[in-house]
Amino acid sequence: MASLSLSHIDKTYPNGFKAVKDFNLEIADKEFIIFVGPSGCGKSTTLRMIAGLEDITGGEFKIDGKLMNDVEPKDRDIAMVFQNYALYPHMTVFDNMAFGLKLRKVPKEQIKKQVEEAAKILDLDKLLDRKPKALSGGQRQRVAMGRAIVRNPKVFLMDEPLSNLDAKLRVQMRTEISKLHDRLGATIIYVTHDQTEAMTLGTRIVVMKDGIVQQIDTPQMLYDHPVNEFVAGFIGSPQMNFMDAKVTQGGNVVEVGGFQLQVSKDRAAKLKAYDGKSIVLGIRPEDVHDEPDFLKAHPEATINAEIKVYELLGAEVFLYFDFAGSQMTARVNPRTTARTGDTVKFALDMTKAHFFDKETELTISD
Amino acid sequence: MTDEERLERSINELGRITGIRLTVERDDGTDLREAAEKLRQITAAWKEKNSASAYLTDLLQGKLTDSEIYQRASRFHIAEKTPRVLYLVETDGEAEADVYAVLRQMFLTRSGDMAAWVDRKKIVLLLAKRAEGGREEYENMARTIVDMLNAEAMARVRVAFSGMLSSLAEIPDAYRDCEFALSVCRIFYSDKRVVSYDRLGLGRLLSEVPVETCRKFLSEVYGGRIPEAFDDETMQTIDIFFGNNLNISETARKLFIHRNTLVYRLEKLRQLTGLDIRTFDDAMTFRIALMVTGYVRDREDQENT
């Protein structure tokens, strides 16, 4: 397998469109890296540059220390799995997986060995004689993966491989891909717009927007310590609640929608420089509480709001309400007595609150 | 096999495919083996010229009359009225055998499907109607073609697609439309890999304008001092400014710069071009001027090569 280095990578198309700007990333051997971001953020373009399917306008891309900028896609020792895949309909599973190797004039015996190995990894070994029409959706997807695996590449590139599958199959295949990474010990770069996929699969996640990397970190660090409002809002489902707030009392209190919320001591120090100024307060839905014990313990950070929608999901309840001009979500225990139309007292866990500079949208830190 | 048997076989094969029956009168010194080889070559050339693939190439290039279209189609058992969509696949380099092999094996799955090389960089696929569905379905197929050629043949490709064609006679026009779409895409939408003839936007209009008129337009816009190219920072600023509907605060935030820095950059651009892109009219003129500049450069490059 391989380590990759992307240094100051730019992509500008001949029509002047800048798709990727100053992309920097070091990928270690066997890492599972996720590129995530909204449509048009440059994640697929970056992947295609790694594959050699797009020219790199500026910067250096290396695999195992070897400069790859001008190396043909075929000579980069990579394999790709895309969102829009098709199988050769008249060929068996074996031939579907073998076709790419045949094109590369790999000897027959070696093809047989590689296909059988890949089929075993993917639990397709008993289906090798079947034609695609006799396979389930998940099995077909695995055959498409198998075509990449048989090449035994240094790096796997996957561009939204699950987005054409239905929700149930997507969850199932997500687990399969995770297992596959463990079994192959491969370096994988995976592109998705789905933050749940990103959080569950990646060892590290690259969050992109408008062609610019916003943050590169582990899923947990991205969730707990987003560097800006965009990352905070993009990572997490339901997304983080944002509301305009004013810093007062030397950073010890933030005023929101007529309520005064006490800021925890460590965070107050960060807010000192913003005394008297407007900021954005962010709080995740699970940090908005309605349990009596929490309310009793945190009288300094309570708000009242009327519930607009009550949504029971089985193991949890989402309560939607308007507060300080924003729509908010609270993720609470299903034993809650709150229902649509009730006015409910909530307490915000201010030790978990996030504060953002209103102008730059960056997280306010020391 | 004796030379006589070999010759007899060649004569029979030629007769079978052309209807021409030859008889051989020979002296003792005739080289039967060479005669058989010549006949085999004539047979192969005839086959190539009269193959379904050659028919499709002639059809695409508009070389056939209406009656020839249908006469030759029936000879190759090509259904005249099968609804089909035309996909024109263009490779960045030469269209290698791998690309053609993947396309044939993966996508020619129904009776009525056809494929042919057009030139060294282009392959046409004519795919019979798959399911009920319109443009979206054709676009998905075009995306699948791109993705599969990327993954299986590791080839960089761009695909243009037509609407549904109800008869063979519509194919030449659809092919010309797709060729045009690819050329517009190359110049104006170089970031796109899939293009439809009926979604070319401003690029369609601009590519029909004579180059000289474009040069006059640019001279008018920039007052005779057409900028060679804008630096990366300026282009990024412009991109994001347009992308955020000329909103200064939003653009400054996205660029992580102070709004005064942005205003300074836009002012510098105004001094360079005479256009204040904070106003709608100048923004529109500048956007069109950028597209026209790309078009003129492309045409100049083509003239030079």
Side-chain angles (χ1 to χ4, degrees), chain A residues 10-19 21-22 40 45 48 51-55 57-58 72-76 78-91 95-96 99-100 102-104 144 147-148 151 157 159-161 164 209-212 228-230 357-362, chain B residues 92-93 96-99 101-102 104-110 140-157 185-193 203 229-230 232-233 235-236 238-240 243-244 249 252-259 290-291 293-295 297-298:
Chain A
D10 282 320
K11 176 66 192 178
T12 308
Y13 285 98
N15 62 357
F17 173 63
K18 275 187 95 74
K21 296 143 200 167
D22 198 24
T45 307
R48 294 173 64 82
L53 296 168
E54 296 282 357
D55 289 327
T57 316
E72 284 294 309
K74 283 178 185 172
D75 303 325
R76 291 191 183 198
I78 48 165
M80 289 168 283
V81 183
F82 287 101
Q83 171 184 356
N84 301 296
Y85 74 93
L87 302 181
Y88 300 103
H90 302 311
M91 294 185 191
D95 289 332
N96 258 283
F99 192 70
K102 283 181 189 164
L103 287 178
R104 282 170 185 71
R147 289 198 296 220
R151 293 181 186 176
L157 306 178
D159 192 352
E160 308 242 14
N164 276 348
K209 184 186 167 218
D210 296 331
I212 298 168
N228 60 32
E229 209 177 315
F230 173 76
D357 185 299
K358 212 168 168 162
E359 189 68 24
T360 63
E361 297 185 4
L362 296 175
Chain B
D92 273 8
E96 293 166 22
D98 290 4
V99 174
V102 170
R104 282 193 67 88
Q105 293 290 341
M106 192 166 279
F107 297 104
L108 300 198
T109 59
R110 301 183 181 213
N140 282 340
M141 175 57 87
R143 290 196 188 287
T144 305
I145 291 170
V146 170
D147 281 357
M148 291 323 301
L149 289 176
N150 285 168
E152 286 287 275
M154 297 273 191
R156 300 177 184 201
V157 296
C185 184
R186 249 190 330 265
I187 301 165
F188 298 107
Y189 312 115
S190 44
D191 52 319
K192 299 204 179 334
R193 290 279 144 191
F230 297 104
D232 280 359
E233 186 184 80
M235 279 312 297
Q236 184 187 10
I238 294 164
D239 270 350
I240 296 182
N244 287 283
S249 306
R253 219 186 335 260
K254 296 235 168 102
L255 287 166
F256 301 110
I257 57 175
H258 195 276
R259 61 175 282 137
L290 280 178
M291 290 180 82
T293 307
Y295 172 57
R297 287 207 180 115
D298 182 81

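No experiment lies behind these values; they were computed from the predicted model shown. Letters A, B, ... are given to chains in the order of the sequence lines, protein chains preceding strands, and every chain is numbered from 1.
- With hydrogens and angles disregarded, a donor-acceptor distance shorter than 3.5 Å links the side chain of A:Lys21 to the backbone of A:Asp210.
- Looking at B:Asp147, its side chain does come within 3.5 Å of a backbone N or O of A:Asn84 through a donor-acceptor pair.
- Comparing B:Ala153, B:Gly294, B:Ser190 by how many heavy-atom pairs each has under 4.5 Å with chain A, the most go to B:Ser190.
- At a 4.5 Å heavy-atom cutoff, the contact between A:Ile212 and chain B is made by side-chain atoms alone.
- Counting all heavy atoms, side chain and backbone alike, A:Tyr85 lies closest to A:Ala144 at CD1-CB, 3.6 Å.
- A:Ala86 touches chain B through backbone and side chain together, each having a heavy atom under 4.5 Å away.
- Of the atoms belonging to B:Asp191, heavy atoms from both backbone and side chain fall under 4.5 Å from chain A.
- The most heavy-atom pairs under 4.5 Å with chain A, out of B:Met235, B:Met148, B:Arg193, come from B:Met148.
- Judged by distance alone, the side chain of A:Arg147 and the main-chain N or O of A:Ala79 form no donor-acceptor pair under 3.5 Å.
- Residues A:Met80 and B:Ala151 share a closest heavy-atom pair of O-CB, 3.7 Å.
- For A:Lys358, the part lying under 4.5 angstrom from a heavy atom of chain B is the backbone only.
- Between A:Tyr13 and A:Ala19, the shortest heavy-atom contact is CE1-CB, 3.7 Å.
- Side-chain atoms of A:Asn96 come within 3.5 Å of backbone N or O of A:Tyr88 as a donor-acceptor pair.
- For chain B, the nearby part of A:Asn228 is the side chain; its heavy atoms alone come within less than 4.5 Å.
- For A:Lys209, the part sitting under 4.5 Å from any heavy atom of chain B is the side chain, from C-beta outward, and nothing else.
- Looking at B:Leu149, there are no atoms closer than 4.5 Å to chain A (heavy atoms on both sides), in backbone or side chain.
- With a threshold of 4.5 angstrom between heavy atoms, A:Asp55 approaches chain B through its backbone and through its side chain.
- Using a 4.5 Å cut-off between heavy atoms, B:Ile240 contacts chain A through its side chain alone, with no backbone atom that close.
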B:Glu152 vs B:Gln105, test: side-chain contact (heavy atoms from CB on, under 4.5 Å). Steps then yes/no.
CA-CA 12 Å; B:Glu152 286 287 275; B:Gln105 293 290 341; over 6 Å; no

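- Heavy-atom distances place the backbone of B:Ala155, and not its side chain, under 4.5 Å from chain A.
- For the set B:Leu290, B:Asn150, B:Asp98, the entry with the most heavy-atom pairs within less than 4.5 Å of chain A is B:Asn150.
- Proximity to chain B (any heavy atom under 4.5 Å) is restricted, for A:Arg48, to the side chain, taken from C-beta onward.
- Residue contact with chain A, scored on non-hydrogen atoms closer than 4.5 Å, is absent for B:Arg186.
- Across A:Lys11 and A:Thr45, no two heavy atoms sit closer than the pair CG-CG2, 3.7 Å.
- Both the backbone and the side chain of B:Val102 come within contact range of chain A, judged by heavy atoms closer than 4.5 Å.
- Within the 4.5 angstrom heavy-atom criterion, atoms from both the backbone and the side chain of A:Glu54 approach chain B.
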